Amino acid sequence: MLRNSFEKYGLVAKIFHWVLALYLVGMFIFGKYLASMTIGFSNLHLFNWHKAFGLIALTLISLRLAWRFISPPPPTLTEGSRAWELKLAHFTHVALYGLMLGLPLTGWIASSAAGIDISLFGFFNVPLIAPPSERTEELFFDFHRLLGVLLALFVALHVAGALKRHFVLRDMTLRRMWF
Amino acid sequence: MGKFLLSLSLLFAFAASAAAVPMNYAFDHSDSDVGFTYEFDGQEIRGKFPDFSGELVIDFQKVLNSTVKVTINTTTAQGGFVFATGALRGPKVLAVDQYPEMHFVSRSARPEGNGAIVSGELTVRGVTRPVELAVTVLRDEGTDPSERDNLILRATTSLKRSDFNADGYSDLVSDTLNIDIRARIRRVK
């Protein structure tokens, strides 16, 4: 039940999938809010929360990827799909994983380059992984924003594909990821 | 503890007849504060540079013979709250990795009011600009007016961060910094 089988996703993969789905939507809204708010004493801590939640996301995504290797997912259902659609679906999955890793990493690099300590909810300070540099900070925050937008687009594509399979092709793709 | 102002200009008035006697002083770090204030979120925030060293020569009878040379460690700068300290030391403001020190060297001093105006050059982030410090020298309450061994030096000035390319976070933090130095100085004989 925990592991993926030939027909269905196991419980671990399902939990990773849906928890991260909610998490990413939440972080996207959180990030957009941070970028738009007027910064003051009352909301300064939100930057640290975003960084801490981002690092937790990076951990979850790494564990999810590791699990994918330990317990490979069921094969893609090909019936009713054109070759280019299957290729696009595959590319979307690769992009989603790449972006899910890249987003927290670029945020971590940019925050490190800013020279401001990253505290994990006050428990300990996370090591800074880039030397202080205004150029690095700006460049990687630009990447961070770009990857955020790209991730939102690929999530939309992923959702569109899943809904098409569920409502048009009426196959098991979405159901086998559900509980 | 109350302090009395030592009138440099008054002493200066008697200088014509007296021989100039420059006195060497050392900073007592345990009772000194190189502070600055700036505005963030509508509030005045106070930061400081706890680590500095320097040489000070005061000629109470001929103020223009007085000199001061100070080196301030930027790597231990404090911004007033956690985020500000990181931002202050970071690449957009003091860039302490690249510029671990700031320097002030006096070029001239002239009596003014009860104190003196010390003109000199301040180097921050490798940028050197002329600055003028308003300096007063005080003695502790209860000490003899002739006290010269254990004194307090106060120096104030106003700087623009942008003059030194230290203008990061300019949308959040004021460009103007008010410098307020209060240093315990002890005569070195």
Side-chain angles (χ1 to χ4, degrees), chain A residues 27 30-56 104-145, chain B residues 36-51 72-102 123-127 160-177:
Chain A
M27 284 299 275
F30 193 177
K32 287 281 166 203
Y33 175 70
L34 283 184
S36 69
M37 72 184 190
T38 306
I39 299 166
F41 278 114
S42 60
N43 56 23
L44 214 47
H45 64 283
L46 294 181
F47 284 100
N48 224 340
W49 286 13
H50 186 75
K51 294 174 193 175
F53 280 120
L55 286 165
I56 293 169
L105 272 175
T106 50
W108 192 0
I109 292 169
S111 297
S112 299
I116 298 175
D117 283 341
I118 305 169
S119 165
L120 207 78
F121 300 113
F123 290 113
F124 61 91
N125 281 351
V126 176
L128 302 182
I129 56 169
S133 155
E134 195 171 351
R135 259 189 67 193
T136 309
E137 182 195 343
E138 281 171 7
L139 185 68
F140 276 84
F141 272 135
D142 283 345
F143 282 148
H144 191 64
R145 275 186 285 270
Chain B
F36 59 92
T37 58
Y38 61 96
E39 244 187 70
F40 170 75
D41 196 14
Q43 293 184 45
E44 192 184 68
I45 316 293
R46 192 173 170 82
K48 62 179 176 180
F49 295 96
D51 188 11
I72 295 169
N73 182 346
T74 57
T75 65
T76 52
Q78 295 172 11
F81 57 98
V82 177
F83 265 94
T85 296
L88 175 67
R89 296 178 192 175
K92 288 184 180 175
V93 187
L94 290 176
V96 303
D97 273 28
Q98 234 180 316
Y99 307 102
E101 288 178 346
M102 307 192 299
T123 305
V124 180
R125 278 185 74 127
V127 179
K160 281 196 182 300
R161 298 194 292 133
S162 52
D163 284 345
F164 298 91
N165 297 336
D167 54 352
Y169 308 96
S170 55
D171 49 337
L172 304 175
V173 179
S174 57
D175 189 28
T176 304
L177 292 183

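The shown structure was predicted, so the numbers you read here are calculated from the model rather than taken from an experiment. A, B, ... follow the sequence lines: proteins, then strands. Residue 1 opens every chain.
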Can you tell which of Pro131(A), Gly115(A), Ser42(A) has the highest number of heavy-atom pairs within less than 4.5 Å of chain B?
Gly115(A)
Asp117(A) versus Phe83(B): any side-chain heavy-atom pair under 4.5 Å?
no
Where does Ile45(B) contact chain A at under 4.5 Å (heavy atoms): side chain, backbone, both or neither?
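Side chain only.
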Checking heavy atoms, do the side chain of Gln98(B), its backbone, both or neither come under 4.5 Å from chain A?
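It is neither, since no heavy atom gets under 4.5 Å.
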Lys48(B) atom NZ: more than 12 heavy-atom contacts under 6.0 Å
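No, not enclosed.
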More than 12 non-hydrogen atoms from neighbouring residues, nucleotides or ligands closer than 6.0 Å to OH on Tyr33(A), yes or no?
no
Heavy atoms only: give me the nearest Ala113(A)-Pro91(B) pair and the separation to one decimal.
O-CG, 3.2 Å
What's the spacing between Asp41(B) CG and Asn43(A) CG if we round to 0.5 Å?
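So the gap between those two atoms works out to 8.0 Å.
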To the nearest 0.5 Å, atom CZ of Phe40(B) lies from atom CD1 of Ile39(A) at 7.0 Å
